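Just so you know, ligand 1 is whichever comes first in the structure, and atom 1 is the first atom listed for that ligand. Values in this document were obtained by computation on a predicted structure and should not be read as measured data.
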Amino acid sequence: AIRNAANKYHTTYLLAKAGLPVPATFSVQDRDKAIEIINELRDAVVKPVFGYKGKGIIRVRDGKMVEPDGTISQIPWKEQITQMIDSWGMLYIQEFIENQGRDIRVFVVNGKVLGSIYRSAQKGHWINNLSQGGTSSPCSLTPSQERICAKAAEAVGTVFAGVDLIEGPGGTMVLEVNGTPSGAGIYSSCGVNVAGHILDYIHLRE
Ligand SMILES: Nc1ncnc2c1ncn2[C@@H]1O[C@H](COP(=O)(O)OP(=O)(O)O)[C@@H](O)[C@H]1O
Ligand SMILES: [Mg+2]
C-alpha cells in the first residue's frame with residue numbers, strides 16, 4: 001500500500017480506476033509531447049513522481065513558469081522541461097485546478113474519516129503544504145467528500161491515509177493519497193491523535 005501511495009502516477013491510476021475524480025493527468029517520456037500537453041492544458045503542474053512536501057513541483061501557465069509565491073519566473077520553461085526529462089526519464093503532468101488558495105488534508109484510518117484540515121497557502125502562493133509555509137485550520141467535509149476519501153484510501157490500500165483533496169470549479173478532486181502522513185496537523189487543529197486509532201486497528205486484528 002505504501003508503494004502504491006509513494007508513486008503518484010500509480011496512485012492516480014488506481015484512483016481513476018476506482019471511478020474517483022482526479023485532475024487530467026499525463027505521463028510522458030518525450031520532450032515535444034510534454035510541451036504540447038502543457039500548452040494544451042494552458043495551466044499545468046509537473047511533479048516528481050516520487051515527490052513529497054510540495055518539493056520540486058513546477059507550474060507553467062500560458063507559457064510562463066509561475067514560482068511557488070505566484071510571481072512569474074524568468075527561467076525559460078522549455079529548458080526546465082528538457083532538464084527534468086533528462087534527469088527523470090519521464091514527466092508527470094497534471095492540469096492545474098483553480099482553487100481558493102487552499103486544499104484539504106483528510107485523515108483516514110481503517111476506512112473511517114477521523115478529521116480533516118484546510119491547508120491554506122500564504123497569500124498569492126499556490127503550494128499549500130504545511131512544510132511550504134501553509135497554515136492549517138479545521139474543516140468539515142461534506143458526506144460526498146467523506147465517501148471519496150474512504151474510497152481513495154481503499155483504492156490505494158492504505159489503513160492509515162492522508163488524502164489530499166482540492167475543491168475546483170468542477171467539484172472536489174483527489175490530488176494524492178499519502179501512505180505515511182504526519183499526524184501533527186490533525187492533532188493541533190482537531191485534537192485527534194491518530195496513533196490511538198491506528199493502535200486500535202492493530203489490536204482488533206490480533
Ligand atoms: N493539479 C493541481 N492543481 C492545483 N494545485 C496543485 C495541483 N497539484 C498540486 N498542487 C499544489 O501542490 C501541493 C503539493 O502537491 P501534491 O500532489 O499533494 O504533492 P506532495 O506529495 O508534494 O504533497 C498541493 O497541496 C497543492 O497545493
Ligand atoms: Mg500532498
Side-chain angles (χ1 to χ4, degrees), residues 1-16 20-28 34 37-38 40-62 64-71 73 84 88 90-108 116-137 139 145 148-149 152-153 155-156 158 160-186 189:
I2 287 172
R3 187 189 57 202
N4 289 342
N7 179 325
K8 287 195 200 309
Y9 185 74
H10 192 52
T11 305
T12 305
Y13 166 73
L14 293 174
L15 296 172
L20 290 160
V22 289
T25 302
F26 304 83
S27 101
V28 282
I37 290 169
I38 291 168
E40 270 174 23
L41 288 174
R42 302 204 52 196
D43 199 355
V45 284
V46 183
K47 307 184 198 181
V49 82
F50 291 105
Y52 53 93
K53 292 190 171 177
K55 291 183 184 170
I57 305 180
I58 67 155
R59 176 177 172 192
V60 181
R61 186 184 59 206
D62 293 326
K64 297 248 161 45
M65 248 169 53
V66 185
E67 296 282 2
D69 66 3
T71 57
S73 165
M84 287 165 99
W88 297 341
M90 60 84 70
L91 290 187
Y92 175 82
I93 306 171
Q94 204 162 61
E95 69 173 309
F96 183 86
I97 304 295
E98 278 309 325
N99 61 85
Q100 299 171 43
R102 68 177 193 198
D103 59 15
I104 304 175
R105 163 59 63 86
V106 185
F107 297 86
V108 180
S116 51
I117 52 173
Y118 285 117
R119 296 183 308 181
S120 306
Q122 295 168 60
K123 203 171 168 8
H125 292 224
W126 59 270
I127 296 184
N128 306 320
N129 299 65
L130 301 181
S131 51
Q132 301 282 336
T135 51
S136 65
S137 54
C139 160
Q145 287 172 327
I148 288 176
C149 293
V156 175
T158 43
F160 175 36
V163 183
D164 290 349
L165 299 179
I166 196 147
E167 294 167 298
T172 301
M173 290 183 158
V174 185
L175 276 188
E176 65 160 347
V177 176
N178 295 270
T180 53
S182 160
I186 182 181
S189 297

*Asks:* Regarding Thr71 and Asp69, is there a side-chain donor-to-acceptor distance under 3.5 Å anywhere?
*Replies:* yes
*Asks:* Given Thr25, Ile166, Asn99, Ile57, which one has a non-hydrogen atom that is nearest to atom 12 (O) of ligand 1?
*Replies:* Ile57
*Asks:* When Asp164 is tested against each of Asn178, Val174, Asn128 for side-chain contact (heavy atoms from CB on, under 4.5 Å), which residue passes?
*Replies:*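 Single pass found, and it is Asn178.
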*Asks:* Identify, by atom number and element, the atoms of ligand 1 in contact range of Asp164, meaning under 4.0 Å from any of its heavy atoms.
*Replies:* 18 (O)
*Asks:* I want to know if ligand 1 touches Gly54 in the polar sense, i.e. an N/O pair below 3.5 angstrom.
*Replies:*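 Checking ligand 1 against Gly54, an N or O pair does fall under 3.5 Å apart.
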*Asks:* Run the numbers for me: atoms of ligand 1, each under 4.0 Å from some heavy atom of Lys8, listed by number.
*Replies:*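 In order of numbering, the contacting atoms are 19 (O), 20 (P), 21 (O).
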*Asks:* Within a distance under 4.0 Å of any heavy atom of Ile127, pick out the atoms of ligand 1 and give their elements.
*Replies:* 27 (O)
*Asks:* Is the shortest side-chain heavy-atom distance between Gln94 and Val22 below 4.5 Å?
*Replies:*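 No, too far: nothing below the 4.5 Å cut-off.
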*Asks:* What part of Lys53, side chain from CB on, backbone N/CA/C/O, both or neither, has a heavy atom under 4.0 Å from ligand 1?
*Replies:* backbone
*Asks:* Between Ser73 (side chain) and Val66 (backbone), is there a donor-acceptor pair under 3.5 Å?
*Replies:* no
*Asks:* Quick check: do Gln122 and Gln132 have side-chain heavy atoms less than 4.5 Å from each other?
*Replies:* no
*Asks:* Treating Trp126 as the side-chain partner and Glu67 as the backbone partner, does any N or O pair qualify as donor plus acceptor under 3.5 Å?
*Replies:* yes
*Asks:* Within ligand 1, which atoms have a heavy atom of Gln94 less than 4.0 Å away?
*Replies:*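 In order of number, 1 (N), 8 (N).
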*Asks:* Would you say Glu98 touches ligand 1, if touching means a heavy atom closer than 4.0 Å?
*Replies:* no
*Asks:* Starting from atom 7 (C) of ligand 1, find the nearest protein heavy-atom neighbour and note its residue, name and distance.
*Replies:* Leu175 CD2, 3.7 Å
*Asks:* Thr158 side chain to Ala1 main-chain N or O, any donor-acceptor pair under 3.5 Å?
*Replies:*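 No; zero donor-acceptor contacts below 3.5 Å.
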*Asks:* If you look at Asp164, which of its N/O/S atoms is nearest to the Mg ion (ligand 2)?
*Replies:* OD2
*Asks:* With a 4.0 Å cut-off on heavy atoms, is Glu95 touching ligand 1?
*Replies:*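 Glu95: in contact with ligand 1 (<4.0 Å).
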*Asks:* So does Glu176 get a backbone contact from the side chain of Lys8, meaning a donor-acceptor N/O pair under 3.5 Å?
*Replies:*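 Such a contact is absent between Lys8 side chain and Glu176 backbone.
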*Asks:* Aromatic rings Phe107 and Phe160: how do their planes relate, parallel, tilted or perpendicular, breaks at 30° and 60°?
*Replies:* parallel
*Asks:* Does any non-hydrogen side-chain atom of Val46 lie less than 4.5 Å from one of Tyr92?
*Replies:* no
*Asks:* Restricting to N, O or S atoms, which atom of Glu176 is closest to the Mg ion (ligand 2)?
*Replies:* OE2
*Asks:* Report, in ascending order of atom number, the atoms of ligand 1 lying under 4.0 Å from any heavy atom of Gly51.
*Replies:* 21 (O)
*Asks:* Is the shortest N/O to N/O distance between Glu176 and ligand 1 below 3.5 Å?
*Replies:*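 Looking only at distances, the answer is yes, because the N/O contact criterion of under 3.5 Å is met.
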*Asks:* Show me which atoms of ligand 1 lie under 4.0 Å from any heavy atom of Ile97.
*Replies:* 2 (C), 3 (N), 4 (C)
*Asks:* Can you pull out the closest protein heavy atom to atom 14 (C) of ligand 1? Residue, atom name and distance to 0.1 Å, please.
*Replies:* Asn129 OD1, 3.2 Å
*Asks:* Mark the output for Gln132 as yes if a heavy-atom distance to ligand 1 is under 4.0 Å, and as no if none is.
*Replies:*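 Distance cut 4.0 Å: Gln132 fails for ligand 1.
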*Asks:* State the atoms of ligand 1, each with its element, that fall below the 4.0 Å cut-off from a heavy-atom position in Asp103.
*Replies:* 24 (C), 25 (O), 26 (C), 27 (O)
*Asks:* If we count only N and O atoms by modelled type, under 3.5 Å, do the side chains of Thr180 and Tyr52 hold a donor and an acceptor together?
*Replies:*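 No, no side-chain donor-acceptor contact under 3.5 Å.
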*Asks:* Are Ile58 and Met84 side-chain neighbours, meaning at least one heavy-atom pair lies under 4.5 Å?
*Replies:*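 Yes. Closest side-chain heavy atoms under 4.5 Å.
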*Asks:* With heavy-atom distances below 4.0 Å as the criterion, list the atoms of ligand 1 near Lys47.
*Replies:* 8 (N), 9 (C), 16 (P), 17 (O)
*Asks:* What protein heavy atom sits nearest atom 5 (N) of ligand 1, and how far off is it?
*Replies:* Phe96 CE1, 3.5 Å
*Asks:* Quick one: does Asn99's side chain have a donor or acceptor within less than 3.5 Å of a partner on Ile97's backbone?
*Replies:*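 Yes, because the side chain of Asn99 sits within donor-acceptor range (under 3.5 Å) of the backbone of Ile97.
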*Asks:* What protein heavy atom sits nearest atom 11 (C) of ligand 1, and how far off is it?
*Replies:* Trp126 O, 3.8 Å
